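Just so it is clear, the structure is predicted and the values come from calculations on it, not from any experiment. Letters A, B, ... are given to chains in the order of the sequence lines, protein chains preceding strands, and every chain is numbered from 1.
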Number of protein chains: 2
Amino acid sequence: MRDIKNKLISMFRNGYCTPQIARIAKKIKEPSTTIHYNIKKLEKEQVIKAYKAVFDYKKIDLGYCVYVLCQISPDEYADPERIAKDLVKHDNIESVDICTGDWELILKIRAKDQDEYYQFIKSVISRKGIIKIITVSSLKQLKTEFIPT
Amino acid sequence: MRDIKNKLISMFRNGYCTPQIARIAKKIKEPSTTIHYNIKKLEKEQVIKAYKAVFDYKKIDLGYCVYVLCQISPDEYADPERIAKDLVKHDNIESVDICTGDWELILKIRAKDQDEYYQFIKSVISRKGIIKIITVSSLKQLKTEFIPT
DNA sequence: TTGATTACTGAATATTATTCTAATAAATGG
DNA sequence: CCATTTATTAGAATAATATTCAGTAATCAA
């Protein structure tokens with residue numbers, strides 16, 4: 001037991017996957033070299049950003065999921081991206097959007113449980129020019145990343 | 001030009017990818033058969049739900065992205081999943097969450113532009129026991145599906 | 001129409017996944 | 001604690017798959 005499982009999970013969260021050319025070729029009845037050519041093109045044009053796995057997050061200790069709606073302080077209005085960019089690098093954050101309306105920032109955050117989430121909020125979301133947050137926590141996820149659960 | 005591109009995109013949105021066992025094996029310095037064994041185990045236990053691609057959505061006509069916060073009508077409280085389950089099957093919907101608080105339902109929706117989004121809302125979100133919605137539209141996406149953009 | 005670029009494809013090769021078998025290691029029940 | 005079962009690890013052989021290359025066809029722009 002060398003904990004290969006957790007290494008795999010963290011690798012699959014944002015890469016280490018690849019298209020199944022032969023299977024696609026069979027499915028749409030085209031030569032596999034043609035499929036290969038077209039996929040490489042999409043990759044070169046950066047239409048495809050990554051190949052990754054989607055998990056049953058309850059089973060990998062990321063079952064607690066919340067949406068965080070943020071208002072940022074007026075002195076950050078000129079450049080909301082400064083705050084946002086800093087958030088991007090955290091593994092617990094699934095998505096970061098700069099938005100219109102009452103909330104300038106919407107985050108989707110995953111953690112093991114409420115405790116871990118609370119620790120995360122304290123250390124990451126506080127300070128940083130965020131003046132008000134509303135947490136909407138997910139009771140049940142029926143679809144994530146386009147994958148029904 | 002047989003429009004292989006769009007077929008690939010729709011296939012990659014929720015599958016037709018696979019792990020790169022050899023590359024992982026090299027990376028973490030374990031035999032590839034061991035990696036294979038561990039991956040198959042994760043798949044069997046349904047820890048991994050799918051292998052898929054993540055796109056630059058602006059480049060595949062899904063650049064318009066909004067979060068829709070919904071209040072459902074009191075007579076649906078007993079079973080909010082009835083509404084939610086119906087939404088899951090639509091391709092424009094990236095995620096569906098049943099939540100606590102003021103909004104019982106949070107959707108993340110992708111469309112080509114505001115027009116296409118409006119058509120979608122009219123045909124799908126209206127009726128169905130949803131009494132109030134707030135649309136928060138994303139001006140800039142810095143991270144999606146754990147992938148920085 | 002012509003030349004240039006882009007898209008497609010078969011054949012050959014390189015790489016990778018998978019199966020099978022056996023050996024260890026870990027967990028379990030008395 | 002030991003015996004027994006079950007889970008995990010790997011090597012060798014094979015099957016399947018991706019990739020390269022070279023040539024052809026289609027598209028496009030002038």
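- Geometrically, Arg110(B) engages Tyr57(B) in a cation-pi contact, judged by NZ or CZ lying under 6.0 Å from the ring centre and within 45° of the ring axis.
- One finds the CD1 atom of Ile106(A) at 11.5 Å from the CD1 atom of Ile98(A) (value rounded to the nearest 0.5 Å).
- In this structure, Lys143(A) contributes its side chain and Ile93(B) its backbone to a donor-acceptor pair below 3.5 Å.
- Side-chain atoms of Ser73(A) never come within 3.5 Å of backbone atoms of Ile130(A) as a donor-acceptor pair (strictly under, hydrogens ignored).
- As rounded to whole Å, 15 Å separates atom C1' of dA7(D) from atom CG of Asp3(A).
- Interface residues of residues 7-32 of chain A facing DNA chain C, ordered by number: Glu30(A), Pro31(A); criterion, heavy-atom separation under 4.0 Å.
- In this structure, Ile35(A) places its CD1 atom 20 Å from P of dA16(D), rounding to the nearest Å.
- At a non-hydrogen distance threshold of 4.0 Å, His36(A), Lys40(A) from residues 36-43 of chain A come into contact with DNA chain D.
- At least one donor-acceptor pair under 3.5 Å links the side chain of Lys52(A) to the backbone N or O of Glu145(B).
- Arg13(A) places a side-chain N or O within donor-acceptor distance of the main-chain N or O of Asp91(A), the cut-off being under 3.5 Å.
- For Tyr51(B) and Thr18(A), the side-chain atoms include no donor-acceptor pair closer than 3.5 Å.
- Proximity of Thr34(A) to the phosphate of dT9(C): a side-chain N or O atom is located under 4.0 Å from OP1 or OP2.
- Scored by the salt bridge (Lys or Arg N to Asp or Glu O under 4.0 Å) test, Glu45(A) finds Lys41(A) as partners (sequence neighbours excluded).
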